[in-house]
Number of protein chains: 2
Amino acid sequence: MDDTTEPGGANPTGQAPETPAGELPGGRARPKTDKSEQTRALILDTAMRLFRERGYDKTTMRAIAAEAGVSVGNAYYYFESKEFLIQGFYDQMTREHAVEALARMADQRDFSDRLCTALDSWVDCAAPYHEFASQFFRTAADPNSSLSPFSNESHPARDTAVKLFREVLDGSDLGPKIDPELDELLPDLLWLHQMIVVLYWVFDRTEDTERTRAFVKRCSPFVAKMVTLSRYRVFRPLVRDAVDMIKDFVLPTIGKAAPAPTEAPKRKRRAKKD
Amino acid sequence: MDDTTEPGGANPTGQAPETPAGELPGGRARPKTDKSEQTRALILDTAMRLFRERGYDKTTMRAIAAEAGVSVGNAYYYFESKEFLIQGFYDQMTREHAVEALARMADQRDFSDRLCTALDSWVDCAAPYHEFASQFFRTAADPNSSLSPFSNESHPARDTAVKLFREVLDGSDLGPKIDPELDELLPDLLWLHQMIVVLYWVFDRTEDTERTRAFVKRCSPFVAKMVTLSRYRVFRPLVRDAVDMIKDFVLPTIGKAAPAPTEAPKRKRRAKKD
DNA sequence: AGAAGGTTTTGAACGCGTTCGAAACCTTGG
DNA sequence: CCAAGGTTTCGAACGCGTTCAAAACCTTCT
């Protein structure tokens, strides 16, 4: 009712102004006109605001449409379903988190510290949404949903996050002696670790998610220690096994093909078919 | 329309005939009469059948009621919501799995083998439901739902599963040298491991969930190796840290209080508040 | 037998996400 | 200027999970 008169403005969700090709990530058809994109943005912004104000479940599509001054049908013209409205939010938060985390760890060199900072930042960035995060977390848990963190391509958010953990590593003063294979895997593993933190956070009912914060503080040195120890002889076989398993079973599910064709399959005891 | 004439029969879902106290696990009020329990069972059985036949989403409450020959309102008299119908299914499958697994591992002594068998059994038991499992998996992912594997008490299914893993351990020929603290934790940890397998399984789109089966085969020796190695000196500090973390952060979330009042808090380097 | 009080059953109604045919609004080309 | 064809907008309508007030049924007591 009030801000429908000034819909355009700067690009609203931080989305890149030009869409790369074909389809929009979370939307329907590719926008053709400026007007179209404005309407789309208006609906998305309104939705996000209402999500924040009332929570996901209590925000009805009718309310979004009404508040945005359009019809329900129009909302569905731009967003295939209610949950597609979340994707925008998710991408945005991931980007904000990356920026925030990088800023905070700028003068940190210790790996454990940097990791802790990165995860802490996430908890802080996500804090305002904790209440209703759980409401759409179940959507993300559906393998058929485009929101699921794994398995679905077209998820730039994951790339952003993985790159952040690459930074966490590269900015650390860990010796250069880490197993290169492991090193290549680590960003993905740390991202996986973050997914566990997210899981923990979603289920965390403590005040200000204190327990998650404590969890992060305790996990980070532990993870750092494991990474450090991975260089020692005794741990090598374990690390080998783990690396192989991850390559074979984890990476494929997040859209990265297991065996690089340029490299011959090294060790890898073959397991019999049956 | 057809089998409404013979509703009673033996106890339908394998539920224990006498309810312990107060409330039914997944239902509403405590049943008072036989007739009541029959109706309840009829509705639940019909629901399960339809879930299997059509999947969760495509089975409407109206269809369940119609097929069972009752009114929708009546279904809601016995089951608080649609998802409460799942609880019965979940409990039942867990029990079936425990029986099946114990039978299969009867003559196995190797820990890795037993673990593998237990998990394999689960995949087999769950196989018929794979298609629609993902549909209610998202419900289980909601922390507010009574279906979530953690955080919610009144989940006898978890106890059943944890006890099974206790059996897996006790029947193994692992030396008696395992850290007793770790030993006490292990069933819960193995259950957690199973939850990861379940997660993997839900997202597994391969034929007959081949990848999950392979995953289990690869994980089991790995887990066994870790348990074995945990006895060696070098790994002790790591094990200590892990055990402490689990006690502090994992157990509390699954309803087990962290510090036993009978035991003084042993080592545990205190971390500063800020 | 009848009244009281509880348990069970009903089905109309509500609010929601979503769909769809049609209207309104743009472009373009003649 | 109008007609054609595409894009955008609309809102009534559908199917769903769920609620609720009232009816039906069942005990039990007088």
Side-chain angles (χ1 to χ4, degrees), chain A residues 4 7-8 19 23-24 27-44 46-47 50-51 54-86 135-136 138-139 142 144-147, chain B residues 4 7-8 19 23-24 27-44 46-47 50-51 54-86 135-136 138-139 142 144-147:
Chain A
T4 49
T19 36
E23 297 258 316
L24 273 178
R28 212 154 200 187
R30 202 213 182 137
K32 293 287 164 61
T33 73
D34 268 13
K35 176 93 180 312
S36 176
E37 208 151 344
Q38 278 178 26
T39 310
R40 193 193 140 86
L42 171 64
I43 293 169
L44 200 134
T46 309
L50 292 186
F51 285 163
R54 319 178 182 178
Y56 181 67
D57 284 342
K58 290 209 197 105
T59 301
T60 71
M61 289 300 281
R62 285 169 177 81
I64 294 170
E67 197 85 353
V70 300
S71 68
V72 251
N74 202 8
Y76 277 92
Y77 179 75
Y78 287 102
F79 297 92
E80 205 171 313
S81 71
K82 196 183 175 185
E83 56 177 77
F84 272 86
L85 286 165
I86 305 175
Q135 289 178 329
F136 66 71
R138 67 164 161 238
T139 304
D142 186 347
N144 303 319
S145 163
S146 63
L147 278 179
Chain B
T4 49
T19 35
E23 297 258 314
L24 274 178
R28 215 158 196 182
R30 204 220 182 129
K32 293 287 165 63
T33 74
D34 270 13
K35 176 93 181 309
S36 175
E37 207 150 345
Q38 278 179 27
T39 310
R40 192 194 142 87
L42 171 65
I43 293 169
L44 199 136
T46 310
L50 293 186
F51 286 163
R54 319 178 183 177
Y56 181 67
D57 285 343
K58 289 208 197 103
T59 301
T60 71
M61 289 300 280
R62 283 169 177 80
I64 294 170
E67 197 84 353
V70 300
S71 67
V72 251
N74 203 8
Y76 277 94
Y77 179 74
Y78 287 103
F79 297 93
E80 205 171 313
S81 70
K82 195 184 177 186
E83 56 179 79
F84 271 86
L85 286 165
I86 305 175
Q135 289 178 329
F136 65 70
R138 67 162 160 239
T139 305
D142 187 344
N144 302 320
S145 163
S146 63
L147 278 178

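What you are looking at is a predicted structure, and each value in this text was computed from that prediction instead of being measured. Letters go in sequence order (proteins before strands), and every chain restarts at 1.
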How many whole angstroms separate atom CD of A/Glu80 from atom P of C/dC20?
13 Å

Hey, are A/Thr39 and A/Tyr77 close enough side-chain-wise for a donor-acceptor pair under 3.5 Å?
no

Using whole Å, report how far CZ of A/Phe84 lies from C1' of C/dT19.
16 Å

Find the distance B/Arg40:CZ to C/dT9:C1' and express it as a whole number of Å.
17 Å

Straight-line distance of B/Thr46 OG1 to B/Ile64 CD1, nearest 0.5 Å
8.0 Å

Report yes or no: does B/Thr59 contribute a side-chain atom to a donor-acceptor pair with the main-chain N or O of B/Leu50 at less than 3.5 Å?
yes

Under 4.0 Å protein heavy-atom contacts per nucleotide of nucleotides 10-17 of chain C, with B for base, S for backbone only and - for none:
BB-B--BB

Short side-chain N/O contact from A/Thr39 to OP1 or OP2 of D/dT8, under 4.0 Å:
no

Could you list the residues that satisfy side chain to side chain donor-acceptor pair (under 3.5 Å) with B/Asp142, not counting sequence neighbours?
A/Arg138

Would you kindly check if the NZ (Lys) or CZ (Arg) of B/Lys82 is within the cone defined by 45 degrees around the ring axis of B/Tyr56 and under 6.0 Å from the six-membered ring centre?
yes

Hey, could you give me the CD1/CZ distance between A/Ile43 and A/Phe79, rounded to the nearest 0.5 Å?
6.5 Å

Atom pairs, protein N/O to nucleotides 21-25 of chain C N/O, distance under 3.5 Å:
none

Can you name the residues that form a side chain to side chain contact (heavy atoms under 4.5 Å, CB included) with B/Val72, not counting sequence neighbours?
B/Met61, B/Arg62, B/Ala65

From CG of A/Leu42 over to C1' of D/dT8, roughly how many Å is that when rounded to an integer?
14 Å

So CD of A/Glu80 and CG of A/Leu85: to nearest 0.5 Å the spacing works out to 11.5 Å

Taking side chain to side chain contact (heavy atoms under 4.5 Å, CB included) as the definition, give me every residue that meets it alongside A/Ser81, ordered by chain and number, with sequence neighbours left out.
A/Glu83, A/Phe84

What bend angle does the helix from C/dA1-D/dT30 to C/dG30-D/dC1 show across its length, from five-pair end axes and to the nearest 10 degrees?
30°

